[in-house]
Amino acid sequence: MSKKRGLSLEEKREKMLQIFYESQDFFLLKELEKLGPRKGVISQSVKDVVQSLVDDDLVSKDKIGTSVYFWSLPSFAGNQLRNVYHKLESDLQSSKKRLAELVDQCNALKRGREESDEREEALAELKAIEKNYLALKDQMGQYMENDPAAFDAMKEAIEITHAAANRWTDNIFTLRQWCSNKFPEAKEQLENMYKEVGITDDFDYLELSAVPLGAAAD
């Protein structure tokens, strides 16, 4: 023998509503928990089922003194259905109005865009201009390295580096002179040390060659 299928939530709601409609009376929760099993709703689930009916405005709930009573009349369901109907009717009218507005906007956008020889020519010309623009943009990217502004920035950076290099050269000459004055007896050792670190007789300030902007840009 197959096991009897339990009631779904919606079936339980209908069974509990029957209790209210048949008696049209007021009930405490504990009374409903006793009546529920007679309709096939186990007492443990009565509380949740009744609360779902309260949430949907199909059952009223009120506290009188220290007790909470529940009740519902057949007219409650009718009122609820009427409210839902009016809400849906209002939404339908709003949707129809919005649809009409969108259709008008669509028709307005189509005006002036009808297929014609002039429109086809204009579109072809637009595509040609866009293609030419992309080609010129790509060409500009290829010549970016010869940009005068970029060259000026490079030239300025070279001048700053040149000045810094000669400043260090000046510092080396100053230090070399100080060592010679401070340790005259160690002249030979100092000369050997200078050569080891690359300070030879031809060590001197750097000369910066002038490079015309036009020649670099070419």
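Note that the structure is predicted; figures quoted are calculated from it, not measured.
E125 CD: 12 or fewer foreign heavy atoms inside a 6.0 Å radius.
Between D48 and K12 no salt bridge is recorded (no basic side-chain N to carboxylate O distance below 4.0 Å). Classification of K39 and E11 as a salt-bridged pair fails, no side-chain N sitting under 4.0 Å from a carboxylate O. R98 has a carboxylate O that lies under 4.0 Å from a charged side-chain N of E101, or vice versa, which qualifies the two as a salt bridge.
Here the straight-line distance linking atom OG of S45 with atom CG of L7 works out to 8.5 Å at 0.5 Å rounding. In this structure, CD in E14 is found 10.0 Å from CG in L53, a value given to the nearest 0.5 Å.
Put simply, the side chain of I19 reaches to within 4.5 Å of the side chain of F27, judged on heavy atoms. The shortest distance between side-chain heavy atoms of L35 and R38 falls below 4.5 Å. Under the 4.5 Å side-chain criterion, counting only non-hydrogen atoms from C-beta, L17 is in contact with V59. By the 4.5 Å heavy-atom criterion applied to side chains, V50 and R13 are not counted as neighbours.
Classification of the F26-W71 ring pair by plane angle, with boundaries at 30° and 60°, yields tilted.
Side chain of S43 to backbone of K34: no donor-acceptor contact under 3.5 angstrom is found. A distance-only check finds a donor-acceptor pair linking the side chain of E31 to the backbone of L28 [under 3.5 Å].
For F20 and F70, the gap between ring centers reaches or exceeds 6.0 Å.
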